[in-house]
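A, B, ... follow the sequence lines: proteins, then strands. Residue 1 opens every chain.
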Amino acid sequence: KAGVTQTPRYLIKTRGQQVTLSCSPISGHRSVSWYQQTPGQGLQFLFEYFSETQRNKGNFPGRFSGRQFSNSRSEMNVSTLELGDSALYLCASSSFGDTEAFFGQGTRLTVV
Amino acid sequence: GENVEQHPSTLSVQEGDSAVIKCTYSDSASNYFPWYKQELGKRPQLIIDIRSNVGEKKDQRIAVTLNKTAKHFSLHITETQPEDSAVYFCAARSTSGTYKYIFGTGTRLKVLA
């Protein structure tokens, strides 16, 4: 069974631009969550989607948004990029009723 | 708000010694506590987890203990090996209809050969 796939793996963007990251969950998993990982801050929760509905949102500005499609694939978008948005963005998928979250390899975003 | 504190932030042990990492959570509704290991440049991977109706769980050299009253849980690694060197994250989650995990800030474990 294929794991969680995130694309692209690396991105370099300029301040003020916007970016879209993609996450394909494990087949059959309907829950997708996104996390921002920075040195010293650990993993901070961005949002969670289940069956195309956002169930939870973390304490991030409105520049961070996401969505989930009917095939459970999810995208997150960051508009008006700031230097502080440079981070590893991880998504995790879970199956209904299961508690383990399986992580993707992440997308390393660098804002210059 | 929801918070998980994790200590220490770095830990160095000699090969063969034990390592202990401690976490404290704030949300009383939390009832699932996983531990993830993240090697350099790789994704976090679950190494052990515990649910709130259990006080201790062991898997070979790894064990986790949970004190719900004190809202503490700990990871114990015995007979450490160089391949145990990684960053370890604890997390807490309420299983009531959400998959939102609150993570600790991580512990960088170095096992010295």
Side-chain angles (χ1 to χ4, degrees), chain A residues 2-7 9-10 23-26 28-51 53-60 66 68 72 74 87-108, chain B residues 1-10 21 23-27 29-54 57 59 64 66 86-109:
Chain A
V4 180
T5 304
Q6 290 188 245
T7 56
R9 291 290 311 278
Y10 302 94
C23 172
S24 293
I26 291 172
H29 285 193
R30 292 160 62 188
S31 172
V32 174
S33 301
W34 288 88
Y35 295 84
Q36 181 194 66
Q37 185 175 21
T38 53
Q41 292 293 317
L43 286 78
Q44 294 190 287
F45 174 78
L46 280 156
F47 21 65
E48 181 219 345
Y49 288 89
F50 183 84
S51 292
T53 300
Q54 186 182 88
R55 295 203 296 189
N56 254 304
K57 191 176 191 305
N59 295 325
F60 280 82
Q68 187 180 34
S72 294
S74 177
L88 179 67
Y89 290 87
L90 291 160
C91 81
S93 76
S94 301
S95 66
F96 180 75
D98 193 4
T99 46
E100 180 176 354
F102 294 85
F103 282 88
Q105 293 270 43
T107 294
R108 170 83 53 195
Chain B
E2 302 152 318
N3 185 47
V4 174
E5 292 188 3
Q6 182 173 347
H7 299 282
S9 55
T10 60
I21 302 170
C23 289
T24 303
Y25 61 97
S26 62
D27 185 2
S30 298
N31 54 12
Y32 174 67
F33 307 92
W35 286 88
Y36 283 84
K37 175 183 179 182
Q38 187 176 30
E39 296 176 71
L40 191 62
K42 296 192 176 179
R43 70 188 79 194
Q45 293 202 296
L46 180 73
I47 56 170
I48 196 167
D49 57 14
I50 191 167
R51 287 165 175 74
S52 59
N53 57 349
V54 176
K57 182 177 178 180
D59 182 3
V64 57
L66 171 66
V87 178
Y88 292 81
F89 292 96
C90 63
R93 200 198 104 176
S94 165
T95 54
S96 54
T98 177
Y99 288 87
K100 174 183 177 182
Y101 290 79
I102 304 299
F103 281 86
T105 49
T107 296
R108 182 172 299 281
L109 174 64

Legend entry - Whether A:Gln68 side chain and A:Ser51 backbone form a donor-acceptor pair below 3.5 Å: yes
Inset, instruction - Using non-hydrogen atoms and a 4.5 Å limit, figure out which bit of A:Leu90 sits close to chain B: side chain, backbone, both or neither. - result: side chain
Inset, instruction - For B:Thr10 and B:Arg108, test the side chains for any donor-to-acceptor distance below 3.5 angstrom and give the result as yes or no. - result: no
Inset, instruction - Give, as side chain, backbone, both or neither, the part of B:Pro44 having an atom under 4.5 angstrom from any heavy atom of chain A. - result: both
Legend entry - Side chain / backbone / both / neither for B:Gln6 at chain A, heavy atoms under 4.5 Å: neither
Inset, instruction - Counting only heavy atoms closer than 4.5 Å, note whether A:Tyr35 contacts chain B via side chain, backbone, both or neither. - result: side chain
Legend entry - Cation over ring face, A:Arg55 and A:Phe50, 6.0 Å, 45°: yes
Legend entry - Contact class of A:Gln44 relative to chain B, heavy atoms under 4.5 angstrom: neither
Inset, instruction - Select, from A:Gln37, A:Gln105, A:Gln6, the one with the greatest count of heavy-atom pairs under 4.5 Å involving chain B. - result: A:Gln105
Inset, instruction - Decide, yes or no, whether a salt bridge links B:Lys100 with A:Glu48 under the criterion of side-chain N to carboxylate O below 4.0 Å. - result: no
Legend entry - Minimum side-chain heavy-atom gap A:Asn56-A:Phe45 below 4.5 Å: yes
